[in-house]
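Below is one structure, written out as structure tokens; comments come after it.
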Amino acid sequence: MHEASRQMSDRQFKSIAELIEGQVGIRLPHAKRLMLEGRLFKRVRALKFDGVGEYVDHLSDEDALETELTHLIDVVTTNKTDFFREPQHFDFMRKVAVPELLRQHGRKTRDLKIWSSACSTGMEAYTIAMVLDDMIRTGSHFRFRILGTDISTAVLRLATAAIYNRETIAPVPSEFAKRYFLKPRDRERTDVRVVPELRRLTHFMRMNLMDSVYPVDRDVDIIFCRNVLIYFDRETQRRVVQRLASHLRPGGYLLVGHSESMIHSALPELRQVQPTIFKV
Ligand SMILES: C[S@@+](CC[C@H](N)C(=O)[O-])C[C@H]1O[C@@H](n2cnc3c(N)ncnc32)[C@H](O)[C@@H]1O
């Protein structure tokens, strides 16, 4: 049987890298070429093309690109995430950010809005939900809503379903794992599902951080934008952070990933509270 080619020419690499950076902001330097070819190959197989090169050429047609774009984005994005990833952020949220934001809210509205702005499969959003719900159970008085956004429709489907493999909840403290996940009666099954009480408070929507306007409230209390800025160039990082910050209420917090603390130099008007925690 004829084996499809995994390779593309220099011209095709340049054209697809530019296309992806233009659409999603993700930079693809030469060092990523092999990885990119591997990822595009999934679409080559699904669509039965002769090779990656032919697939890339196919995308130069506007209509073809429009039909294929969501699939292309699904394969080129890196969606690695975890429950309780970079756990110090959740400690900070519980011990510092939420108590302080509640003092600012005063007695009026105690409805906190949290936004996970590159949410992948939702583990970040549900981690936030578990921590906030636990605060309420242990005596804090407030309500909350969480918005999760991402550019990849494939991960958003998983986030909305909130069904995960049991192994993925290993980082979840055991008390939370018991309280916030439903386990199937059938012991053979390895999936668990976030409880409806948290799912009801967590909504997901497709959004591209490259867009010039974000359809999101402008009084968000805490924005998580973790492990996505690293894929963008400096100017794009600056624009994204600036737009995100404009959706924070005064005193609100922006949390970035631990390899992304460099954004401070991109936006001096944000006050750096800790290396990866900023405040407007
Ligand atoms: C590595 S995951 C990080 C997930 C989570 N924030 C965490 O730290 O665990 C990066 C996510 O950013 C999303 N992403 C990449 N480019 C994006 C863009 N332009 N707009 C919105 N989301 C984007 C990807 O689809 C992916 O799900």
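None of these values were measured; they are calculated from a predicted model. Order of appearance sets the numbers: ligands from 1, and atoms from 1 within every ligand.
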Taking salt bridge (Lys or Arg N to Asp or Glu O under 4.0 Å) as the test, write out the residues that go with E235, two or more places apart. R238, R239

Sole residue of I128, L198, L201, T138 in side chain to side chain contact (heavy atoms under 4.5 Å, CB included) with D133: L198

Would a line drawn from the ring center of F90 to the ring center of F84 be shorter than 6.0 Å? yes

How many angstroms lie between atom CG of L254 and atom CZ of R226, to the nearest 0.5 angstrom? 11.5 Å

Name every donor-acceptor pair, under 3.5 Å, that has one atom in a side chain of residues 17-32 and the other anywhere in the protein, sequence neighbours excluded.
{"unit_1": "E18", "atom_1": "OE2", "unit_2": "K14", "atom_2": "NZ", "d": "3.2"}

Ligand 1: which protein N/O atoms lie under 3.5 Å from its N/O atoms?
{"unit_1": "ligand 1", "atom_1": "6 (N)", "unit_2": "A118", "atom_2": "O", "d": "2.8"}
{"unit_1": "ligand 1", "atom_1": "6 (N)", "unit_2": "E124", "atom_2": "OE1", "d": "3.1"}
{"unit_1": "ligand 1", "atom_1": "6 (N)", "unit_2": "R226", "atom_2": "O", "d": "2.9"}
{"unit_1": "ligand 1", "atom_1": "8 (O)", "unit_2": "R85", "atom_2": "NH1", "d": "3.2"}
{"unit_1": "ligand 1", "atom_1": "8 (O)", "unit_2": "R226", "atom_2": "O", "d": "3.3"}
{"unit_1": "ligand 1", "atom_1": "8 (O)", "unit_2": "N227", "atom_2": "ND2", "d": "2.8"}
{"unit_1": "ligand 1", "atom_1": "9 (O)", "unit_2": "T81", "atom_2": "OG1", "d": "2.6"}
{"unit_1": "ligand 1", "atom_1": "9 (O)", "unit_2": "R85", "atom_2": "NH1", "d": "2.8"}
{"unit_1": "ligand 1", "atom_1": "19 (N)", "unit_2": "V24", "atom_2": "O", "d": "2.8"}
{"unit_1": "ligand 1", "atom_1": "19 (N)", "unit_2": "N208", "atom_2": "OD1", "d": "2.9"}
{"unit_1": "ligand 1", "atom_1": "20 (N)", "unit_2": "L209", "atom_2": "N", "d": "2.8"}
{"unit_1": "ligand 1", "atom_1": "22 (N)", "unit_2": "I151", "atom_2": "N", "d": "3.3"}
{"unit_1": "ligand 1", "atom_1": "25 (O)", "unit_2": "N79", "atom_2": "ND2", "d": "3.2"}
{"unit_1": "ligand 1", "atom_1": "25 (O)", "unit_2": "D150", "atom_2": "OD1", "d": "2.6"}
{"unit_1": "ligand 1", "atom_1": "27 (O)", "unit_2": "N79", "atom_2": "ND2", "d": "3.0"}
{"unit_1": "ligand 1", "atom_1": "27 (O)", "unit_2": "D150", "atom_2": "OD1", "d": "3.4"}
{"unit_1": "ligand 1", "atom_1": "27 (O)", "unit_2": "D150", "atom_2": "OD2", "d": "2.7"}

Does any pair with a residue in residues 171-188 pass salt bridge (charged side-chain N to carboxylate O under 4.0 Å, His left out), and if so which ones, sequence neighbours excluded? D134-R179, E175-R179

